[in-house]
Amino acid sequence: MKEVILEARSLAVGYGTRRVLEKLNFCVYRGELLSLIGPNGAGKSTLLRTLARQLPPVGGAVLLEGRELGGIPAPALARRLSVLLTQRVEPERMSAAEVVSTGRYPYTGRLGILSGRDWDKVEEAMALLHLEDLAFKPFVQLSDGQRQRVMVARALCQEPELLILDEPTSYLDIRHKLELLNLLRTLAREQGLAVVLSLHELDLAQRASDRVLCLREGRAERWGSPEAVLTGAYLRQLYELPEGSCDPLLGIFELRPGTGAPRCFVIGGGGRGIPVYRRLARLGIPFAAGVLHENDLDLPVARALAAEVVTQRAWEPIGAAELARARAILEGCELLICCLSEFGSMNLGNQQLLDWAGGRLRRCGAAELLNGEMETITGL
């Protein structure tokens with residue numbers, strides 16, 4: 001069985017007598033990442049501050065390795081628990097390396113003098129975050145993203161058993177977001193580090209988390225693996241999203257499309273239609289998509305953005321009924337956009353659709369639309 005490092009028992013968190021969350025019961029296991037997700041104002045930061053002992057519980061208890069958090073002496077707690085919350089720090093006249101080195105203070109004694117081993121740990125943490133070139137640069141001169149990485153290095157330099165992070169990917173570009181989450185996963189797997197963090201990027205939460213805790217309306221609605229918890233229907237409920245706007249299995253979340261009857265028809269498939277669907281949606285042009293097999297990569301995006309979608313059962317050739325429906329929709333359109341250059345045996349119906357539309361309406365390829373060469377596209 002996995003070892004529990006942190007446990008919430010009937011926990012209520014808040015400020016004074018005002019409860020933000022209550023009846024929380026969950027565990028954090030050694031070597032795992034637990035992500036807190038939920039809409040703004042759900043109480044993620046309040047819960048993290050309580051788990052970090054920066055706020056006292058309003059009710060219930062938090063246990064670290066079986067001991068109530070409030071009963072652990074501060075020096076001992078600092079050697080086992082490291083925290084990075086959202087407060088901005090502005091240390092004057094300190095280099096990036098000196099800021100990272102403050103993570104060693106739980107080990108230095110009263111005078112705060114770092115040993116050779118302490119500086120080795122500073123260098124090691126900075127190398128993990130690729131900060132070597134910034135070591136002697138004043139912290140106040142760093143960008144927001146660089147500062148965030150320095151503060152993560154400081155937290156890791158503390159050599160904690162449990163790491164608590166509030167929105168650690170804020171300010172980071174996509175490369176550094178992925179590097180950070182890969183690093184946390186590696187430390188969890190190889191060193192048994194337990195991590196609790198809040199994330200707004202659901203696609204990253206799905207990929208990086210061992211478990212997720214979903215917070216909404218004063219309570220924890222779900223706790224478990226991302227595969228079990230983050231279903232499309234539940235995410236729409238959690239964030240009040242429109243029907244069909246998300247596909248959590250692929251990490252797809254789409255903006256609101258144009259409305260009305262389809263004005264163009266897109267023949268796509270194999271992912272080739274996705275950029276066309278999104279371009280048309282940005283232009284506010286309602287469109288139809290088809291004929292798509294039910295296991296096609298295009299289908300989740302088409303269902304989110306298209307006014308109509310014609311589908312065929314997976315692994316079956318496009319049938320006469322599906323072809324007839326596609327033709328009926330095409331008759332009401334002004335433009336056909338074909339994203340395919342060849343058609344396989346299961347997809348010959350789309351070749352027939354393309355040939356049938358030949359003299360009936362305007363045609364263009366995906367490249368013409370995506371390269372902006374069709375100036376008349378917005379005049380549909």
Side-chain angles (χ1 to χ4, degrees), residues 2-30 32-89 106 151 155 158 160-170 184 193-200 202 205 209-226 228-230 234-235 237-240:
K2 289 184 175 291
E3 180 184 352
V4 174
I5 188 168
L6 187 75
E7 183 179 3
R9 293 184 181 173
S10 301
L11 179 64
V13 303
Y15 303 89
T17 58
R18 184 172 71 86
R19 296 190 173 202
V20 175
L21 293 164
E22 57 185 351
K23 299 179 181 178
L24 300 175
N25 293 281
F26 64 89
C27 299
V28 181
Y29 296 96
R30 191 178 298 277
E32 287 194 353
L33 269 71
L34 171 69
S35 293
L36 309 185
I37 68 169
N40 290 334
K44 298 185 292 296
S45 295
T46 305
L47 175 55
L48 289 176
R49 292 186 64 191
T50 304
L51 298 180
R53 209 171 78 173
Q54 294 190 2
L55 283 175
V58 177
V62 179
L63 283 74
L64 181 64
E65 296 182 319
R67 295 180 61 187
E68 279 212 39
L69 200 62
I72 301 175
L77 184 63
R79 288 190 290 271
R80 298 161 72 186
L81 169 65
S82 188
V83 182
L84 173 59
L85 301 183
T86 53
Q87 297 98 324
R88 294 295 298 272
V89 295
M151 297 308 295
Q158 205 168 320
E161 298 175 47
L162 173 64
L163 181 59
I164 294 177
L165 305 165
D166 194 3
E167 299 182 27
T169 55
S170 296
L184 294 177
L193 178 68
V195 182
V196 184
L197 70 164
S198 61
L199 285 173
H200 283 297
L202 293 184
S209 309
D210 295 292
R211 302 174 200 272
V212 293
L213 181 68
C214 305
L215 306 176
R216 187 170 78 113
E217 296 181 351
R219 61 193 180 94
E221 285 194 329
R222 292 191 179 188
W223 173 62
S225 71
V229 170
L230 301 181
Y234 176 64
L235 284 179
Q237 171 189 325
L238 180 64
Y239 289 99
E240 300 181 0

For residues 55-62, please give each side-chain donor-acceptor pair under 3.5 Å, one per line with the distance, not counting sequence neighbours.
none

(request) Locate the shortest heavy-atom distance separating Ser209 from Ser35; write the atom from each residue and the value. (result) OG-OG, 2.5 Å
(request) Find the distance between CG (Leu197) and OG1 (Thr169) and round it off to the nearest 0.5 Å. (result) 8.0 Å
(request) Sequence neighbours left out, what passes side-chain hydrogen bond (donor to acceptor under 3.5 Å, both in side chains) with Tyr239? Give chain and number order. (result) none
(request) Measure the spacing between OG of Ser198 and CG of Leu215 and express it to the nearest 0.5 Å. (result) 10.0 Å
(request) Not counting sequence neighbours, which residues clear side-chain hydrogen bond (donor to acceptor under 3.5 Å, both in side chains) with Arg67? List them please. (result) none
Side-chain donor-acceptor distances from residues 218-225 under 3.5 Å, at least two apart:
unit_1, atom_1, unit_2, atom_2, d
Glu221, OE1, Arg216, NE, 3.4
Glu221, OE1, Tyr234, OH, 2.7
Glu221, OE2, Arg216, NE, 3.1
Glu221, OE2, Arg216, NH2, 3.1
Arg222, NH1, Val229, O, 3.2
Ser225, OG, Ala228, N, 3.2

(message) Please find the pair of heavy atoms, one from Val20 and one from Ala42, that lie closest to each other, and give the distance.
(response) CG1-O, 4.4 Å
(request) Enter the distance from Ile72:CD1 to Glu65:CD here, rounded to the nearest 0.5 Å. (result) 8.0 Å
(request) Indicate the atoms forming the closest heavy-atom contact of Asn40 with His200, along with that distance. (result) OD1-CE1, 3.3 Å
(message) For a quick test of reading the model, state the closest non-hydrogen atom pair linking Cys214 to Leu230 and the distance between them.
(response) SG-CD2, 4.2 Å
(request) Provide the full list of salt bridge (Lys or Arg N to Asp or Glu O under 4.0 Å) pairs with a residue in residues 20-29, sequence neighbours left out, each pair given once. (result) Arg19-Glu22
(request) Supply the atom-to-atom distance Leu24 CG to Leu51 CG, rounded to the nearest 0.5 angstrom. (result) 9.0 Å
(message) For Lys44 versus Pro39, what's the shortest heavy-atom pair and its separation?
(response) NZ-O, 3.1 Å
(request) Check Ala155 against Leu163 and note the closest heavy-atom contact, atom names and distance. (result) CB-CD1, 3.6 Å
(message) Measuring only between side-chain heavy atoms, which start at C-beta, is Leu47 closer than 4.5 Å to Leu11?
(response) yes
(request) For residues Arg53 and Leu81, determine if any side-chain heavy atom of one lies less than 4.5 Å from a side-chain heavy atom of the other. (result) no
(request) With sequence neighbours left out, write down each residue that passes side-chain contact (heavy atoms from CB on, under 4.5 Å) with Val28, or none if nothing qualifies. (result) Ile5, Leu6, Phe26, Leu34, Leu162, Ala194, Val196
(request) Side-chain contact test, heavy atoms from C-beta onward, threshold under 4.5 Å: evaluate it for Leu193 versus Pro160 and give yes or no. (result) yes
(message) With rounding to the nearest 0.5 angstrom, report the CG to CG distance, Leu184 to Leu165.
(response) 6.0 Å
(message) Distance check, rounded to the nearest 0.5 Å: Leu85 atom CG versus Arg49 atom CZ?
(response) 7.0 Å
(request) Would you please test Leu48 and Val83 for side-chain contact (heavy atoms from CB on, under 4.5 Å) and show each step? (result) CA-CA 9 Å; Leu48 289 176; Val83 182; over 6 Å; no
